[in-house]
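Report on the following structure.
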Amino acid sequence: MTLLDGKKTAADIKEEIALEVKNLKENGKKTPHLAAIIVGNDGASLTYVNAKVKACERVGFESTLIRLTENTTELELLNQITSLNIDDNIDGFIVQLPLPKHINEQKVLMAVDPKKDVDGFHPTNVGKMALNLPTFISATPFGILELLERYKVETSGKHVVVLGRSHIVGSPMSILLSQKRTVGNATVTMCHRRTKNLKEFTLKADIIVAAIGIPEFLKADMVKENVTVIDVGITRLADASKKNGFRLVGDVAFEEVSKKSEFITPVPGGVGPMTIAMLLKNTLLACQRSNS
Ligand code: NAD
């Protein structure tokens, strides 16, 4: 069994990005600048967004965190987005999800200039991704592709089963892995909440991408020998023995499934750290595009 070490790979990518930033600075070019908007006080969202801002600082990016109160109106948020769209100093920005219920998420994501949409959520960028055109691939699927590539996991001709059909993970993952690209050319089956006899599919999979959000859903009796498993799930389970009162659990019963796996990602330390690294990569890309 080989562990697909997202923590180490993400650190390598961040080092490469830091080197690029150093080069940009030495050549008198603009330094990448990422902005993040967060609305409200959700604890997990604040943790995620702070981690993104800190990661920017570590690689030498500029960063701006815009904190808006829970009762911010949709119009106020849209105005904030317009300001970032027209600000030449900002290369890319993200709107941390989820948003409060009174704000229409789709409307907000549509308002982001696709050239600055480093999360890759704008329909223009999703469309380009689906057509295999150059664009921002959203950070989690991008991170999975990168992890598979760096560990030289063969995907061509393999049967991939994707569990979950969300817009941010399952759906793009199934599209990307079936495309004609370096990490791709797979035969993909997508399973979701309504899939019947799911085990019949997972047992035939060479590679499983689990993105459903059910702790330890995928058990050893659901996979074949030498399977590759990408565990995207992150659920916080209460754990009094931990300092912060919780532990992170993936969608895969790691102990038992890892014994049958050729490659597997751990949780934490797998897909999670890759997501932030690829957001930085997209921001660097946005900056390089605006520099050229
Ligand atoms: P989601 O929560 O929006 O949707 C869950 C998906 O799972 C749905 O498509 C649903 O049809 C499917 N599903 C639910 N129960 C199922 C079952 N019994 N069998 C088969 N399919 C089932 O999905 P999401 O936003 O992609 O999140 C999934 C998990 O991944 C969550 O734990 C989330 O926290 C995590 N996540 C992690 C990262 C990361 O950076 N590591 C990024 C995004 C999401």
Side-chain angles (χ1 to χ4, degrees), residues 3-7 9-10 13-14 36 42-52 55 94-99 105-106 109 118-121 126 129 136-148 160-177 188-205 208-219 221-223 229-238 246-254 257 264-282:
L3 205 63
L4 298 173
D5 188 341
K7 201 172 165 193
T9 310
I13 294 169
K14 285 186 208 162
D42 178 67
S45 296
L46 276 168
T47 309
Y48 291 141
V49 92
N50 281 324
K52 290 169 188 174
I94 58 167
V95 182
Q96 185 66 39
L97 302 177
L99 291 168
E105 202 168 282
Q106 200 52 43
L109 296 180
V118 285
D119 256 342
F121 292 160
V126 176
M129 180 275 296
F136 298 114
I137 297 175
S138 62
T140 304
F142 196 10
I144 294 170
L145 293 183
E146 192 75 17
L147 206 50
L148 291 170
V160 175
V161 170
V162 177
L163 304 180
R165 58 180 166 189
S166 72
H167 291 328
I168 59 166
V169 188
S171 174
M173 219 48 248
S174 66
I175 294 169
L176 290 160
L177 286 172
V188 179
T189 304
M190 182 198 273
C191 298
H192 46 76
R193 208 182 298 272
R194 300 290 177 96
T195 301
K196 291 195 176 118
N197 306 321
L198 185 122
K199 192 172 161 182
E200 279 178 21
F201 296 101
T202 55
L203 274 172
K204 287 190 193 129
I208 299 174
V209 180
I212 57 177
I214 304 177
E216 304 193 330
F217 174 86
L218 192 77
K219 303 277 196 285
D221 68 347
M222 297 167 75
V223 304
V229 180
I230 306 294
D231 188 354
V232 188
I234 306 178
T235 305
R236 286 181 173 201
L237 290 187
F246 66 85
R247 67 192 160 96
L248 297 179
V249 183
D251 288 349
V252 178
F254 183 87
V257 174
I264 187 165
T265 61
V267 175
V271 175
M274 291 298 291
T275 299
I276 293 190
M278 301 323 276
L279 174 68
L280 298 178
K281 195 147 185 164
N282 274 342

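All values below come from the heavy atoms of this structure, side chains included, with hydrogens, waters and symmetry mates left out. Just follow the structure's listing: the first ligand is 1, and inside any ligand the first atom is 1.
Within 6.0 Å of atom NE2 in His192, more than 12 heavy atoms from other residues, nucleotides or ligands are found, so the atom counts as buried in its surroundings.
No donor-acceptor pair closer than 3.5 Å links the side chain of Asp119 to the backbone N or O of Ala139. With hydrogens and angles ignored, the 3.5 Å screen pairs a side-chain donor or acceptor of Thr202 with a backbone N or O of Met222.
Near ligand 1, Thr140, Gly164, Arg165, Ser166, Ile168, Val169, His192, Arg193, Leu198, Ala211, Ile212, Gly213, Ile214, Phe217, Val232, Gly233, Ile234, Val271, Gly272, Thr275 each place a heavy atom less than 4.0 angstrom from the ligand.
Across Val49 and Ala36, no two heavy atoms sit closer than the pair CG2-CB, 3.7 Å. Shown here for Val257 and Lys219, the closest heavy-atom pair between the two residues is CG2-C, 3.6 Å.
Considering only heavy atoms from C-beta on, Leu147 comes within 4.5 Å of Thr265 through its side chain.
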